[in-house]
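Just so we're on the same page: letters track the sequence lines, and every chain starts at 1. Just so it is clear, the values below take in all heavy atoms, side chains as well, and ignore hydrogens, waters and symmetry mates.
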There are 2 protein chains.
Amino acid sequence: MTESAPHSTGARKLPTPVAAAIDRAESLLQGQGLRLTPVRRRTLEILLETPGALGAYDVLARLAADGFGSQPPVAYRALDFLVEHGLVHRLRRINAFTACSHPGEHHHAAFLICRNCKRVEEVHAEHLRATLVSDARRAGFEVERTSLEASGLCPDCREGAIPDGAAT
Amino acid sequence: MTESAPHSTGARKLPTPVAAAIDRAESLLQGQGLRLTPVRRRTLEILLETPGALGAYDVLARLAADGFGSQPPVAYRALDFLVEHGLVHRLRRINAFTACSHPGEHHHAAFLICRNCKRVEEVHAEHLRATLVSDARRAGFEVERTSLEASGLCPDCREGAIPDGAAT
DNA sequence: TGTTGACATGTGATAATATAACTTTTAGGT
DNA sequence: ACCTAAAAGTTATATTATCACATGTCAACA
Ligand SMILES: [Zn+2]
Ligand SMILES: [Zn+2]
Ligand SMILES: [Zn+2]
Ligand SMILES: [Zn+2]
């Protein structure tokens, strides 16, 4: 129900990147006694198949089209689960979700969101996070979670791009 | 309509911190040919009077109570204007707004948001921003705006605090 | 094997956040 | 006084997110 990407090599055993990511996700979860149920699996696939980020309702529409429930909690529950277990990230600047590009590595990431084509790049941000945590500690504040996001223009969109608009 | 904070010294000329901030804001705007109209002024006051952050609808309710319009665009327009001109920051993790604590200095800030008491601390983040911008440039991405936010526990809330919950 | 309990899913209703489109008012310049 | 542009008001609607409760699935185990 989710095949695509034929190869020029006769080899048709090679899993697509999406399938590989799903397998990896499944192992990760099983190692923690958690289940990648059908809705969750399909939700992750949907995000993996998408270059940019998707809103919860975009995900929901695709899930419903595949025969899953069509009410918001269906999408939000799957998304929340995947976020909680590090397979998906939530982008607060744009109220959207994107598949993690290196799951299972217990990482902290920052996100570069193209305002033109909506593509999202996940970059490592251990150092950013560490700096923020230590700045915070200096103020007596104990950091639990962070949102490190930037919007701007991706490499492909930098030419012929419209200026900008409002503030930070 | 917005007085409070009596002093023990007989001096009653000293402006409150809020009034001072309003004056500063007004000068800053006038210097750019912009107007701090009544709704905008009151909106800024409301945020300045609040230790934490307020949602747009909280602001709206207060504005309406003061005789301004009671429909969402009234609040959103004032808030957007203030954000655009650096007097207010928008917190995307919590869909809320907070007065800038050092306006007019063309700064980039990060925000520490207490999940317990909702208080918000604004910290300088020129270095964080610079790091992110340069990490991004290395990926060919041109940063225009950033959201650097953390949630956790403020100094006052660290004792007797409930553990935590979900993921980043 | 049947019961039970935890987890997962489905659904309807509603809350919370945000914007669009249009009208009226206001502040300033001529 | 008249005109114009910006601001404020208002109605309606779009978008995002959660609550509450019913139903289904599955494995532990009596
Ligand atoms: Zn990731
Ligand atoms: Zn782009
Ligand atoms: Zn500030
Ligand atoms: Zn606190």
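- Residues passing the salt bridge (charged side-chain N to carboxylate O under 4.0 Å, His left out) test with A:E26, sequence neighbours excluded: A:R41.
- For B:D80 and B:R77, the salt-bridge test fails: no basic side-chain N is under 4.0 Å from an acidic carboxylate O.
- Using a 4.5 Å cut-off on side-chain heavy atoms (C-beta onward), B:C100 and B:L87 make no contact.
- Considering only residues two or more places apart in sequence or on other chains, A:E142 meets the side-chain hydrogen bond (donor to acceptor under 3.5 Å, both in side chains) condition with B:R158.
- For A:D66 and C:dT9, the CG to C1' distance is 16 Å, given to the nearest whole Å.
- Atoms NE2 (A:H85) and P (C:dC7) sit 12 Å apart, rounded to a whole Å.
- Ring geometry for B:H107 versus B:H124: interplanar angle over 60°, hence perpendicular rather than tilted (30 to 60°).
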Inset, instruction - Report the C-alpha separation of B:H89 and B:F111 in whole Å, then their side-chain angles, then the decisive distance to 0.1 Å, and conclude whether the side chain to side chain contact (heavy atoms under 4.5 Å, CB included) test is met. - result: CA-CA 9 Å; B:H89 297 287; B:F111 299 89; 3.2 Å; yes
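- Going from atom CG of A:L79 over to atom C1' of D:dT18 covers 14 Å, rounded to whole Å.
- Computed from coordinates, the A:L36 CG to C:dC7 P distance equals 18 Å when rounded to whole Å.
- At least one side-chain heavy atom of B:L29 sits under 4.5 Å from a side-chain heavy atom of B:F81.
- Listed pair B:T37 / D:dA8 meets the phosphate criterion, a side-chain N or O lying under 4.0 Å from OP1 or OP2.
- For A:L63 and C:dA8, the CG to P distance is 16 Å, given to the nearest whole Å.
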Protein-nucleotides 24-30 of chain C N/O pairs closer than 3.5 Å?
none

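- When the ring-ring contact (aromatic ring centres under 6.0 Å, His included) test is applied to A:F97, no partner is found at least two apart in sequence or on another chain.
- Taking atom CD of residue A:Q32 and atom P of nucleotide C:dC7, one finds them 15 Å apart after rounding to whole Å.
- The overall bend of the helix from C:dT1-D:dA30 to C:dT30-D:dA1, read as the angle between its terminal helix axes built from five base pairs each, is 10° when rounded to 10 degrees.
- Computed from coordinates, the A:R77 CZ to D:dA20 P distance equals 13 Å when rounded to whole Å.
- In this structure, A:R40 reaches the C:dA8 phosphate: one of its side-chain N or O atoms is under 4.0 Å from OP1 or OP2.
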Give each protein N/O atom lying under 3.5 Å from an N/O atom of nucleotides 14-20 of chain C, with the pair distance.
unit_1	atom_1	unit_2	atom_2	d
C:dA18	OP1	B:R90	NH2	3.0
C:dA18	OP2	B:Y76	OH	2.9
C:dA18	O5'	B:Y76	OH	3.3
C:dA18	N7	B:Y57	OH	2.5
C:dA18	N6	B:Y57	OH	3.3

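- Taking atom CG of residue A:L34 and atom P of nucleotide C:dC7, one finds them 11 Å apart after rounding to whole Å.
- Side-chain N or O atoms of A:E122 include one that pairs as donor or acceptor with a backbone N or O of A:S101 at under 3.5 Å.
- B:V39 comes within contact range of the sugar-phosphate backbone alone, with a heavy-atom separation under 4.0 Å but no base atom that close.
- B:R92 is not listed as a side-chain neighbour of A:E149, based on a closest heavy-atom distance of 4.5 Å or more.
- Ion pairing between a basic and an acidic side chain is recognised when a charged N comes within 4.0 Å of a carboxylate O; B:R42 and B:E45 show such pairing.
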